[in-house]
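Residue numbering restarts at 1 for every chain, and letters A, B, ... go by the order of the sequence lines.
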Amino acid sequence: MDNSGVAAILSKMALLLEFKGENPFKAKAYERAARNIRGLGEDIGEMYRRDRLSEIPGVGGAIREKVREILDTGTFKAYERTAAEVPPGIFGILDIPGIGPKTAKLLYEKLDIRSVDGLLKAAIEHRIRRLSRMGPKQEEKILRSVQRYQSSGEPGRTPLATADPITEEIKEQLRAFPFIKKVIAAGSIRRRKETVKDIDLIALSDVPAKAMDGFLHLQKVTEVIEEGNTLSSVLYDNKIRVDLRIVPEESFGTLLQHFTGSKEHNIHLRKLALEKGYKLNEYGFTDIATNVIKRCAEEKQVYDHLGLEFPVPELREDRGEIEAGMQKRLPKLIEVEDIKGDLHVHSNWSDGEDSIEDLALSALERGYEYIAITDHSHSTAIAGGLSEKRLLEHTKAVSSIDEKFEGIRLLSGTECDIRPGGKLDYSDRVLQELDIVIAAVHAGLDQDRKTMTKRIVSALENEHVDILAHPTGRKFGKREAYDVDMEKVLQAALDNDKAIEINSSPSRLDLNDINAGMARKMGVWLAINTDTHRLDNFNNIRYGIDVARRAWIEPQDVVNTRHIKDFVSLFRIE
DNA sequence: GCCGTTTTCGGCCCGACTGTTTTCAGTCG
């Protein structure tokens, strides 16, 4: 089982403990352990084998034993015992926004509500309002929340690339109001997380009431979820929840810091503040001895006050950035401008829309020094994969077009299928003619972990392969990553001097931030590519860079930050 | 259940908003 599988069971245990009303700190302990395992840059199974589970923060003696049990048996006895005591539908109920463990417990004990459907029925029949602490408004709120939950399938997270334009649209409208001085996105959007639950905005205004009113009446607001003086929350365009907080100028920095999160980062920061004698909240530092409040207009002052180097938002996940900040050893992260070329580009020779000439021109305009034209191989027939004969014609075409362009080097390449048995789609004789060979899995995705791992590793052992593309195959909303031992794959890449791709396509982002972080720690080369199929796809590089930054990646970790001269010598291209 | 440069026991981040409440519990981030 992989890290997220182990974390999922521990999270469910936390929910069960909360539901049962046990010591809330015990539930929190399970949740914390789950979170840290999920965000671990190492394979949990490997840590178990090396007897290093106790190194994980939040994993003490008891949870360590449970993790061992999960890895050995797929579950643990205490969980099975606890889960057997409650109806399985409880997890669905707890998933509904606004319903927490206390409410779920009340509904179960008093009304025998065991599922989301049962909850809906009880709300319609007005049985909920009669319970203590409930009332008509609560009942109505639950009803709406259930209906929204059922109509959207699940509360769901929105891919960052979908949320970005919506955020810009709202910011633009808010900025048009004369009484709003400044609007900035905080939360997971600012941390550039791959998916976001909601859009967090903070705004400066001298007339908060007017600002809030303007927000609540934006044209595409479909529902007001919460309404307050400093904080309101709406459903925007029936798609995504948007929170707006109006903040005073003198505390802007502290508030921005607070609302950027992550929650885990903030908790750690506040503990640190307490150790130094301050209570930290979104308004500033309160000196516990004197009760004097220090507010920060600039975000950096918050970190300065604690003696920390400033961590960019992408780092704020409590994955070591606070410790590194204390030692002033934060990484100097890669930026979009560091990218000098794109190594994964499709032309109209296969399933791309544009000619090689147009791709070259567009890349040149972006200031790139090189791109590799990597059309599909023949197994991917649905994408117009090239036969060996066509590939050789393709290669000739690339070099003749290359001669026409000054200032950019066109590299001949392929995105070559790794067949189910591990063989490549082209013979070595053909592959050796190419400048860049990308290997990738496109079909036969349901192989078991061992077979898939062996398949990919054998491709990495081929001397002509340069890069492994989209290493886990996941696509948002379409399919999960296939089962593969990422640590073994990365080790094979390291042993054979291959690069691993961070695919910037917004539906892929593969590697993700956790796996990319693992690759970086192991010292594996990375390539950040767009997998362009249409000229404007080149812009997606931003999203690959986001992933890389969240993985603490610096320019020197990435092969395509090299200038052309260094790049061709690194890949031994003539 | 975890954790410790005041602690191996007694804490565990902090506040806004809502609804049902005459002072607060539950949920969320």
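The number of heavy atoms from other shown groups lying within 6.0 Å of NZ (A/K294) is above 12. Heavy atoms of other residues, nucleotides or ligands lying less than 6.0 angstrom from CD of A/E249 number 12 at most.
The aromatic rings of A/Y303 and A/F310 sit perpendicular, their planes meeting at an angle over 60°, well past the 30° parallel limit. Relative ring orientation between A/Y79 and A/F76 is described as tilted, the plane-to-plane angle lying within the 30° to 60° band. Taking the six-membered ring for Trp and thresholds of 30 and 60 degrees, A/Y278 and A/F285 have ring planes more than 60 degrees apart, a perpendicular arrangement.
A/K279 has its NZ atom 13 Å from the P atom of B/dC13, to the nearest Å. Atom NZ of A/K66 is separated from atom C1' of B/dG1 by 8 Å (rounded to the nearest Å). Going from atom CE of A/M326 over to atom P of B/dT5 covers 11 Å, rounded to whole Å. If you take NZ of A/K137 and P of B/dA25, they are 21 Å apart, rounded to a whole angstrom. Following rounding to the nearest Å, A/H268 (NE2) and B/dC12 (P) show an atom-to-atom distance of 16 Å. Atom CZ of A/R35 is separated from atom C1' of B/dC2 by 13 Å (rounded to the nearest Å). Atom CD in A/E275 sits about 13 Å away from atom P in B/dC12, given to the nearest Å. Whole-Å rounding puts the A/L131 CG to B/dG19 P distance at 17 Å.
In this structure, the side chains of A/L16 and A/E22 stay at 4.5 Å or more apart for every pair of heavy atoms. Considering only heavy atoms from C-beta on, A/L40 stays 4.5 Å or farther from A/I514 through its side chain. In this structure the side chain of A/I334 reaches within 4.5 angstrom of the side chain of A/R549, judged on heavy atoms.
One C1' atom belongs to B/dC2, the other to B/dC13, and the distance between them is 16 Å to the nearest Å. With C1' as the reference atom, B/dT7 and B/dC17 are 36 Å apart, rounded to whole Å. Here the separation of B/dC12 from B/dT21, taken at their C1' atoms, is 28 Å to the nearest Å. One P atom belongs to B/dG26, the other to B/dT22, and the distance between them is 15 Å to the nearest Å. To the nearest whole angstrom, the two C1' atoms, one in B/dT6 and one in B/dG11, are 14 Å apart. Remark: the separation of the C1' atoms in B/dC3 and B/dT8 is 9 Å, to the nearest Å. Taking atom P in both B/dC14 and B/dT20, the straight-line distance is 30 Å, to the nearest Å.
At the heavy-atom level, A/S233 lies nowhere under 4.0 Å from the strands shown. Residue-level contact check: A/G261 touches neither bases nor backbone, having no heavy atom under 4.0 Å from any strand. Here A/I267 lies in heavy-atom contact (under 4.0 Å) with a base. A/K28 comes within contact range of no nucleotide atom at all, as no heavy-atom separation falls under 4.0 Å. Counting non-hydrogen atoms under 4.0 angstrom, A/K105 reaches nothing in the nucleic acid. Counting non-hydrogen atoms under 4.0 angstrom, A/L269 reaches nothing in the nucleic acid.
Figure legend. B/dG29 is base-paired to B/dC14; pairs are counted as Watson-Crick or G-U wobble with both atom distances under 3.5 Å.
Minimum atom distance to the side chain of A/F25 is reached by B/dG1, of the listed B/dG1, B/dC13, B/dG15. The side chain of A/K271 approaches B/dC13 more closely than any other nucleotide in the set B/dC13, B/dG15, B/dC2. With B/dG1, B/dC13, B/dA16 as the choices, the nucleotide that has an atom nearest any side-chain atom of A/L231 turns out to be B/dA16.
In terms of position along DNA chain B, the nucleotide closest to A/N281 lies nearer the 5' end than the nucleotide closest to the other residue of the pair A/E227 and A/N281. Nucleotides of DNA chain B nearest to A/Y278 and A/A27 differ in position, and the one nearer the 5' end is that of A/A27.
There is a side-chain donor-acceptor pair under 3.5 Å between A/D2 and A/S4.
Between A/T286 and B/dC14, a side-chain N or O to OP1/OP2 separation shorter than 4.0 Å is absent. For A/Y283, a side-chain nitrogen or oxygen approaches OP1 or OP2 of B/dA16 to under 4.0 Å.
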Short heteroatom pairs, N/O only, protein and nucleotides 26-29 of chain B, under 3.5 Å:
{"unit_1": "B/dG26", "atom_1": "O3'", "unit_2": "A/T103", "atom_2": "OG1", "d": "3.3"}
{"unit_1": "B/dT27", "atom_1": "OP1", "unit_2": "A/G100", "atom_2": "N", "d": "2.8"}
{"unit_1": "B/dT27", "atom_1": "OP1", "unit_2": "A/G100", "atom_2": "O", "d": "3.0"}
{"unit_1": "B/dT27", "atom_1": "OP1", "unit_2": "A/T103", "atom_2": "N", "d": "2.9"}
{"unit_1": "B/dT27", "atom_1": "OP1", "unit_2": "A/T103", "atom_2": "OG1", "d": "2.5"}
{"unit_1": "B/dT27", "atom_1": "OP2", "unit_2": "A/K102", "atom_2": "N", "d": "3.3"}
{"unit_1": "B/dC28", "atom_1": "OP1", "unit_2": "A/G98", "atom_2": "N", "d": "2.5"}
{"unit_1": "B/dG29", "atom_1": "OP1", "unit_2": "A/K197", "atom_2": "NZ", "d": "3.1"}
{"unit_1": "B/dG29", "atom_1": "OP2", "unit_2": "A/K197", "atom_2": "NZ", "d": "2.8"}

